[in-house]
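First up is the structure itself, then whatever we jot down about it.
Predicted model only: the values in this text are computed from it and were never measured. Each chain gets a letter, A, B and so on, in the order its sequence line appears, and its residues count up from 1. Atom set for the values below is all heavy atoms of this structure, side chains included, hydrogens, waters and symmetry mates excluded.
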Amino acid sequence: MTDPDAPRLYNTLTKRPEPLEPGPDGVVGIYVCGPTVYGPIHVGNARPFIVFSVLRRYLQRRGLAARLVSNLTDINDKIYEAARKAGVSSTELAERYGAEYVADTDRLGLGRPDLEPKVTEFLPEIVAMIQTLIDRGLAYAAGGDVYFRVDRFPGYGKLSGRRIEDMVSTDPGTAKEHPLDFALWKGHKPDEDAFWESPWGPGRPGWHIECSAMAEAALGRGFAVHGGGLDLVFPHHENEIAQSEGASGEPMAHIWAHNEMIELGGKMSKSEGNIVLLRDALDRWGKDVLITFMLRNHYRSKLPLSDEGLEDASRQVETIRNAVRSLDRGISSPGTAVDRELADALVRSRNEFFASLDDDFNTPRAFAALFELIRAANRAIDGPARPDAGQLRSIRSELVQLLDVLGLADLSAEDAVPAEALEMAGQREAARAARDFAEADRLRDAIAALGYEVRDTPEGPRVTPL
RNA sequence: GGCGACGUGGCGAAGUGGCUAACGCAGCGGUCUGCAAAACCGUUAUUCGCGGGUUCAAAUCCCGCCGUCGCCUCCA
């Protein structure tokens with residue numbers, strides 16, 4: 001039973017938007033591929049984190065139960081390599097960067113996924129799934145490794161739109177039956193300092209199997225959404241489908257959702273070296289600007305990272321802050337009217353906001369709805385008949401609720417203004433009353449030197465951070 | 001070579017068959033202000049990369065071309 005009003009998300013598998021359907025337990029399960037933790041994460045890695053974290057907030061606000069699971073890959077070639085370079089054990093290195101990933105993404109203030117499984121915690125599940133694949137004839141042990149038998153899985157290539165015949169493997173391997181077969185288990189090599197026992201000898205999981213095993217362990221089979229960066233479509237997600245569906249005979253996930261890449265003269269990527277670290281972007285711009293920057297573009301569009309773009313986002317953020325300030329000013333000196341147009345604008349904006357997000361998580365359109373509401377509010381407050389406190393309070397509260405969906409509720413925080421600046425603002429008022437404008441301007445400059453700006457309003461001066 | 005995405009005002013970005021092509025930023029003019037700031041009002045694409053075609057009607061569908069980018073190997 002499909003809910004015709006359910007939010008829709010574009011499905012890479014079917015190339016069209018499809019409704020998000022909760023599982024039998026009523027929960028919308030979302031699995032998102034997280035990073036391999038061999039270094040600090042960059043802004044590109046942050047995009048899926050932000051997009052899917054905000055998606056979960058949205059679904060919850062819409063009254064749906066949503067469970068977000070996002071893994072940390074803490075065992076892989078790059079980790080061995082980085083650990084050797086750093087002169088530490090790979091376990092130590094992965095733990096360190098895993099913790100840094102959590103700390104960096106915590107700064108976004110979007111909450112944590114409900115579960116963040118690590119590969120090293122799911123070895124039994126991984127080994128069991130590999131065994132099932134072998135039992136079903138879809139995998140074979142060879143030379144200490146185990147490979148997936150690609151041509152025995154009929155749907156191979158259905159996600160990425162490839163045919164086995166069209167593909168050329170750059171790593172034919174020596175033990176493989178078919179050049180495109182991929183590793184489920186990699187036999188231990190002498191220079192690898194972390195490995196596990198298995199029925200096929202010591203070693204460690206291949207790259208794709210961990211997500212298949214962890215997603216099923218955390219969300220079961222046939223969960224609602226499997227997400228990640230577009231660059232994961234092939235081979236990672238294609239192989240996940242082969243493994244999970246090969247092992248269970250059931251669909252792994254209903255919707256495969258992929259965010260486009262952040263670009264910095266081409267795709268931002270660690271191996272290309274053209275990266276900006278998330279922590280550096282946060283230091284420079286703050287979380288609200290960064291979230292706004294990400295969400296003002298659709299998640300399925302490429303997003304070039306640029307100072308111009310961030311500055312633009314920064315001004316948008318300032319416009320939102322000013323709107324909340326104006327509402328607060330209005331609430332503290334309210335009028336007596338009930339503004340019909342404002343009331344209508346609220347309903348319209350709210351509906352449009354939710355309709356936009358229902359429509360393939362169209363956050364740019366949701367922002368447009370937000371700004372329509374802001375303009376209506378500003379117009380009412382500065383208009384001839386200011387609304388009464390009740391109406392203004394309800395507008396403020398609704399606006400903050402919408403901001404909160406996007407993770408931007410902090411923009412409604414009160415400005416902390418030091419007493420010194422407030423005192424000078426008072427002195428400036430006295431000077432203005434005495435028409436001593438030279439002194440008034442001097443005091444305004446002095447306040448600016450403290451990092452604050454005076455704005456004269458009909459209700460007296462307001463001091464806000466610059 | 002194979003697969004795929006995209007090209008909308010100065011910039012960013014919605015819109016994918018039919019209301020005056022949203023919204024944000026920047027600019028310009030105005031209102032307000034002692035001057036500002038903020039805010040509001042007005043203004044900025046007869047037109048949606050280019051060329052054909054389908055249709056009563058296209059930015060939206062089809063064909064061709066040009067350009068940018070991604071995947072095909074580790075990658076969010």
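For B:C61, the paired base is B:G53 (Watson-Crick or G-U wobble, both distances below 3.5 Å). Nucleotide B:A14 forms a pair with no other nucleotide shown, judged by Watson-Crick or G-U wobble geometry with both contacts under 3.5 Å. Under the Watson-Crick and G-U wobble criteria, each requiring two contacts below 3.5 Å, nucleotide B:G9 is left unpaired.
Scanning atom types as modelled, one donor and one acceptor separated by under 3.5 angstrom connect the side chain of A:Lys78 and the base of B:C74. For A:Arg300 against B:G70, a side-chain-to-base donor-acceptor contact under 3.5 Å is absent.
Defined by atom type and a distance below 3.5 Å, a donor-acceptor pair is missing between the side-chain atoms of A:Asn45 and A:Tyr101.
Picking from B:G34, B:C72, B:A76 the nucleotide with the shortest atom distance to the side chain of A:Phe234 gives B:C72. Side-chain atoms of A:Asn297 lie closest to B:G12 of the nucleotides B:C72, B:G12, B:A76. For A:Asn362, the side-chain atoms get nearest to B:A14 when compared with the rest of B:A5, B:A14, B:A76.
Taking the side chain as every heavy atom from C-beta outward, A:Glu263 and A:Leu303 never approach each other to under 4.5 Å. Residues A:Met252 and A:Phe223 meet the side-chain proximity criterion, which asks for heavy atoms closer than 4.5 Å.
For the pair A:Asn378 and B:C40, the criterion of a side-chain N or O lying under 4.0 Å from OP1 or OP2 is met. Side-chain nitrogen and oxygen atoms of A:Ser301 include at least one within less than 4.0 Å of the OP1 or OP2 phosphate oxygen of B:A14. The shortest distance between the side-chain N/O atoms of A:Asn322 and the OP1/OP2 oxygens of B:A37 is not below 4.0 Å. Taking 4.0 angstrom as the limit, A:Arg315 places a side-chain polar atom (N or O) nearer than this to OP1 or OP2 of B:A26.
A salt bridge between A:Arg149 and A:Asp181 is absent, with no side-chain N of the basic residue lying under 4.0 Å from a carboxylate O of the acidic one.
Rounded to an integer number of Å, the gap from A:Leu327 CG to B:A39 P is 13 Å. Put simply, CZ on A:Arg444 is 9 Å from P on B:A37, counting in whole angstrom units. A straight line from CZ of A:Arg435 to P of B:U33 spans 12 Å, rounded to a whole angstrom.
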